[in-house]
Every structure is written in structure tokens, then in C-alpha cells.
Amino acid sequence: MPRILIIDDERAIRNTLKEILEYESYTVDQAEDGPTGLDLMIRNKYDVVLCDIKMPKMDGLEVLERAQLASPDSAFIMVSAHGNIETAVDATKKGAFDFIQKPPDLNRLLVTVRNALDRTKLVTETKTLKKKIAKSSEMIGTSPELEAVRKAITKVAPTDARVLITGPNGAGKEMVARQLHELSNRNNGPMVEVNCAAIPSELIESELFGHEKGSFTSAVKQRIGKFEQADGGTLFLDEIGDMSLSAQAKVLRALQESKITRVGGEKEITVNVRVIAATNKDLQQEIAERNFREDLYHRLSVILIKVPALNDRRDDIPDLVQRFLQDIARDYGDKPKNIDAKALDYLKSLDWRGNIRELRNVVERLIIMSEDTITEPDARTYAGK
């Protein structure tokens with residue numbers, strides 16, 4: 001149930017607001033001044049705070065500023081009988097969600113509270129999603145090969161240098177790209193991913209650069225491309241070795257000039273994007289066969305990070321298996337299963353051509369087909385080798 005705090009030095013106003021909000025099934029607490037309200041915010045979590053501006057001891061704007069530390073996720077609605085446009089603008093600049101004049105209109109108050117609750121819910125969901133993404137992009141293992149990748153990420157991430165990530169399918173190239181973004185100065189901006197192998201060559205330019213309405217038969221409205229969507233953040237071009245030569249030429253120009261032009265358009269659009277690319281192909285061989293532009297390769301490969309195949313880091317398999325046992329059990333809503341040492345040794349001995357992706361699939365199969373403890377016979381039977 002949403003929880004709301006009312007901070008106001010007038011008892012009658014507090015009681016009226018409390019009665020209205022409790023009728024809407026909200027849980028409501030009260031504070032007669034700013035210091036009391038801040039103390040409540042430190043001890044409790046509030047979805048919305050309704051705060052008067054003119055109060056003794058501490059005015060509402062000061063409460064708002066201090067609340068950014070005490071309860072940064074709470075949506076603040078400022079309420080005042082002495083408000084004007086300047087006050088409302090000042091409150092908004094300091095982080096207030098909205099401003100309502102006294103005496104508040106009932107419908108306006110309830111609509112504003114509902115909108116503030118929606119905003120709080122969205123902020124919470126976004127933080128939860130970011131945590132899940134961060135966990136899913138965590139690289140598991142302590143092998144020297146993986147430590148070398150981590151060291152490269154730590155050095156490169158804070159810069160805006162372009163990175164080319166190489167390695168076989170399923171080895172974790174996307175995880176490296178996510179780590180580079182999360183540890184960069186652009187982590188508050190978007191990370192936009194494009195799988196170049198999954199988009200038909202005739203559509204890749206529209207996907208990357210967008211198009212204007214009517215630029216081709218099915219262009220019924222304007223489309224914003226991935227470069228524009230990633231403005232201020234990171235653009236991850238996965239499997240860039242599968243990109244058409246015509247699209248490569250436009251990507252090269254975008255990297256050289258930080259400008260793009262939508263398909264069918266004439267206006268140049270400036271973009272501020274860090275490009276990270278990945279491929280499972282030997283781009284030097286692709287260059288020799290005239291399938292990939294050498295000048296684009298040199299633009300992309302300011303930093304090269306090679307992700308090792310799972311066969312080259314077998315010592316990480318036990319750690320990976322334990323993580324998959326936990327993650328898959330959580331997804332299924334079950335208790336994690338155990339795996340004995342002999343089963344782990346057997347898994348370490350196998351040929352993992354599908355890399356980490358294949359290992360996860362095998363672990364999921366073992367969870368489904370085995371009893372509480374996964375044994376070596378289970379591994380031999382269900383590993384599918």
C-alpha cells in the first residue's frame with residue numbers, strides 16, 4: 001500500500017489531507033515541522049511527501065533539499081498558500097515533482113498524488129531492472145584469461161575510446177560491452193544494442209540512422225535510429241562483421257564526424273555516442289576478402305579486447321555452474337540444487353564449443369532431470385556430449 005507523509009505546521013490542513021488520502025486507501029503519516037518530517041523520512045520509506053513551504057524552524061524548500069539525501073526516491077509535492085510562478089519553478093529545480101496551491105482542489109490533489117506514485121513506481125522498477133542487468137552482465141571466474149579481460153575493462157571503461165570485442169559465439173562479448181558501459185562516465189545514458197546479423201541488409205541503414213516519412217514504401221512515419229537513441233550513451237554493434245558494405249560506409253562517416261543523416265533526409269544530426277563493436281569473425285580475413293572496410297576496422301579497434309573461449313578457461317567452470325544453479329533455481333522459484341565434485345570434474349573435461357551459453361543450457365537440463373544433488377552419472381547422461 002502506498003505510503004504518504006504530510007509535512008505542514010497547520011493541524012487542520014494535515015488532518016484534512018490525511019482524511020482525504022486515507023479514504024483513497026493510502027497509509028498516511030504526519031509531521032508538524034521540517035525537522036520532524038526529515039526524521040520520519042530517515043526512519044521510514046515514503047512514496048510521496050506533501051510538504052508546505054512556509055513553516056517555522058525550517059521552510060519547505062530546505063526540507064526538499066535535505067530530503068534528496070534522506071529519501072531520494074520519494075516524490076515531493078510542494079503545497080503553499082503563498083506560492084507564485086517563481087516559487088513553483090524554484091521548487092521544481094530543487095527536485096519537486098509538482099506544486100499545488102492552498103487550499104488544494106481535491107481532484108487536482110488526487111491526480112497529482114497518483115501521478116507522483118506512478119513516477120515513484122517507475123523509478124523503483126528502473127533501479128531494480130538496472131540491478132538485474134548488472135548482475136546478468138557480471139563475469140564469473142578467476143582464471144588468468146578472465147582477469148586479463150577485467151583489467152582491460154577497468155582501464156578502458158572510463159574513457160570514450162572505441163572498443164572492438166572479439167571472441168567466439170557464446171563466450172560473453174555482450175557482458176564485456178555491458179561492463180564497459182556500466183563502468184563508464186556514460187552509465188546514466190542509454191546503452192542501445194544492435195545485432196547486425198539479425199537485421200536484413202536492406203534495413204540495417206534505417207535501423208541505425210532512422211528514416212524520414214515516405215523515404216521508401218513502408219516508411220509510413222518518421223523513425224529515430226539507434227545512433228540517435230544512444231545519444232549521450234553507448235551504442236553496441238554486435239556481430240558487426242555481418243554488416244553490409246554500404247552501411248559500413250555510413251557508420252564510418254558517423255564515427256569520423258559524429259553526424260548522421262536519416263534515410264531519405266537531408267538534415268545532418270549531431271550525435272554524441274560511444275561505439276563498442278563485437279564480432280566472432282576474423283575481420284582481418286574479412287578485409288582481405290573485401291567484405292569489411294579496413295578504414296572502419298581501424299576506427300573501431302582503438303582498443304581490442306579478446307574474450308577467451310570457455311575451453312581456454314576451464315578452471316572457471318565450477319564458479320559458472322554454481323552461479324547458474326542459483327540463477328536458474330531463482331527463475332524457477334525453487335531451492336538451488338547441489339552438484340558433487342566428480343560431476344564438476346566431468347563437466348570441466350568436456351569440449352564446450354558453444355561456450356558459456358552451452359554450459360548454461362546443460363546446467364538447466366541437469367537441474368530438470370536430476371534429483372536434489374547432481375551426480376557424475378547425471379552429468380554423463382544429460383550433458384548431451
Side-chain angles (χ1 to χ4, degrees), residues 1-134 187-190 232-233:
M1 186 178 294
R3 194 166 187 178
I4 298 174
L5 174 63
I6 301 168
I7 307 174
D8 199 302
D9 60 321
E10 297 183 56
R11 183 189 297 271
I13 292 290
R14 294 201 310 271
N15 290 338
T16 299
L17 292 175
K18 186 175 190 293
E19 183 178 342
I20 292 169
L21 293 169
E22 287 184 336
Y23 183 79
E24 296 293 319
S25 300
Y26 300 131
T27 299
V28 182
D29 292 339
Q30 300 182 53
E32 67 274 12
D33 55 45
T36 305
L38 285 170
D39 184 58
L40 284 171
M41 278 185 273
I42 292 171
R43 290 190 281 117
N44 305 305
K45 182 182 183 302
Y46 293 100
D47 299 289
V48 176
V49 178
L50 292 164
C51 186
D52 189 17
I53 290 184
K54 297 293 183 181
M55 294 186 294
K57 296 186 181 180
M58 185 184 298
D59 69 35
L61 294 179
E62 186 177 353
V63 174
L64 172 61
E65 288 181 340
R66 296 194 181 190
Q68 304 298 317
L69 297 175
S71 185
D73 294 338
S74 301
F76 251 73
I77 300 172
M78 309 306 295
V79 185
S80 179
H82 310 284
N84 52 38
I85 292 176
E86 288 183 6
T87 307
V89 170
D90 192 25
T92 303
K93 285 182 178 179
K94 284 181 167 63
F97 175 77
D98 207 343
F99 179 92
I100 297 177
Q101 286 192 316
K102 289 183 181 179
D105 174 82
L106 177 58
N107 290 329
R108 165 99 161 89
L109 172 68
L110 292 178
V111 167
T112 302
V113 168
R114 290 190 196 107
N115 289 341
L117 287 169
D118 288 342
R119 175 261 189 193
T120 303
K121 182 180 178 183
L122 183 61
V123 168
T124 303
E125 289 177 347
T126 301
K127 286 189 173 183
T128 302
L129 183 59
K130 282 188 173 182
K131 286 180 182 178
K132 286 183 178 179
I133 291 172
N187 57 12
N188 288 324

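Source: prediction; values computed, not measured.
Here the options are Asn15, Leu5, Leu40, the test is side chain to side chain contact (heavy atoms under 4.5 Å, CB included), and the partner is Gln30; only Asn15 passes.
At a threshold of 4.5 Å between non-hydrogen side-chain atoms, the residues Lys18 and Val28 count as touching. Contact annotation: the side chain of Phe99 never approaches that of Val79 to less than 4.5 Å [non-hydrogen atoms, C-beta and beyond]. Asp52 places a side-chain heavy atom less than 4.5 Å from the side chain of Lys102. Asp98 has its side chain out of reach of Met78: every pair of non-hydrogen atoms, C-beta onward, lies at least 4.5 Å apart. Between Ile4 and Thr27, every side-chain heavy-atom pair lies at or beyond the 4.5 Å cut-off.
Remark: side-chain polar atoms of Ser74 are not paired, donor with acceptor, to backbone N or O of Val49 under 3.5 angstrom. Of the possible donor and acceptor atoms, none in the side chain of Glu24 sits under 3.5 Å from a partner among the backbone N and O of Ile20.
For Leu117, the side-chain contact (heavy atoms from CB on, under 4.5 Å) partners are Pro2, Tyr26, Asp47, Val48, Val113, not counting sequence neighbours. Taking Arg66 as the reference, Leu38, Met58, Glu62 meet the side-chain contact (heavy atoms from CB on, under 4.5 Å) condition, with sequence neighbours excluded.
To the nearest 0.5 Å, atoms CG (Leu61) and SG (Cys51) are separated by 8.5 Å. Distance check, rounded to the nearest 0.5 Å: CG of Leu50 to CD1 of Ile7 gives 9.0 Å. Atom CG of Asp8 sits about 10.5 Å away from atom CD of Glu32, to the nearest 0.5 Å. Atom OG1 of Thr16 sits about 9.0 Å away from atom CD1 of Ile6, to the nearest 0.5 Å. Atom-to-atom distance recorded for Leu110:CG and Asn115:CG is 11.0 Å, nearest 0.5 angstrom. Between the CD atom in Gln101 and the CD1 atom in Ile53 there is a gap of 9.5 Å [rounded to 0.5 Å].
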message = Does Arg3 form a side chain to side chain contact (heavy atoms under 4.5 Å, CB included) with Asp29? I'd like the steps, not just the answer.
response = CA-CA 8 Å; Arg3 194 166 187 178; Asp29 292 339; 3.0 Å; yes

key: Evaluation steps, side chain to side chain contact (heavy atoms under 4.5 Å, CB included), between Lys54 and Asp59   = CA-CA 5 Å; Lys54 297 293 183 181; Asp59 69 35; 5.9 Å; no

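The minimum heavy-atom distance between Pro190 and Gly232, with the atom names listed, is CD-C, 4.5 Å. Pairing each heavy atom of Gln68 with each of Leu64, the nearest pair is NE2-O, 3.2 Å. Pairing each heavy atom of Met41 with each of Ala67, the nearest pair is SD-CB, 3.9 Å.
Annotation: Arg11, atom CZ; neighbour count of heavy atoms from other residues, nucleotides and ligands within 6.0 Å does not exceed 12. Within 6.0 Å of the NZ atom in Lys93, the count of heavy atoms belonging to other residues, nucleotides or ligands does not exceed 12.
The residues Arg114 and Asp118 are annotated as not salt-bridged, no charged nitrogen and carboxylate oxygen being separated by less than 4.0 angstrom.
Inspection of the Asp33 and Thr36 side chains reveals an N or O donor paired with an N or O acceptor under 3.5 Å.
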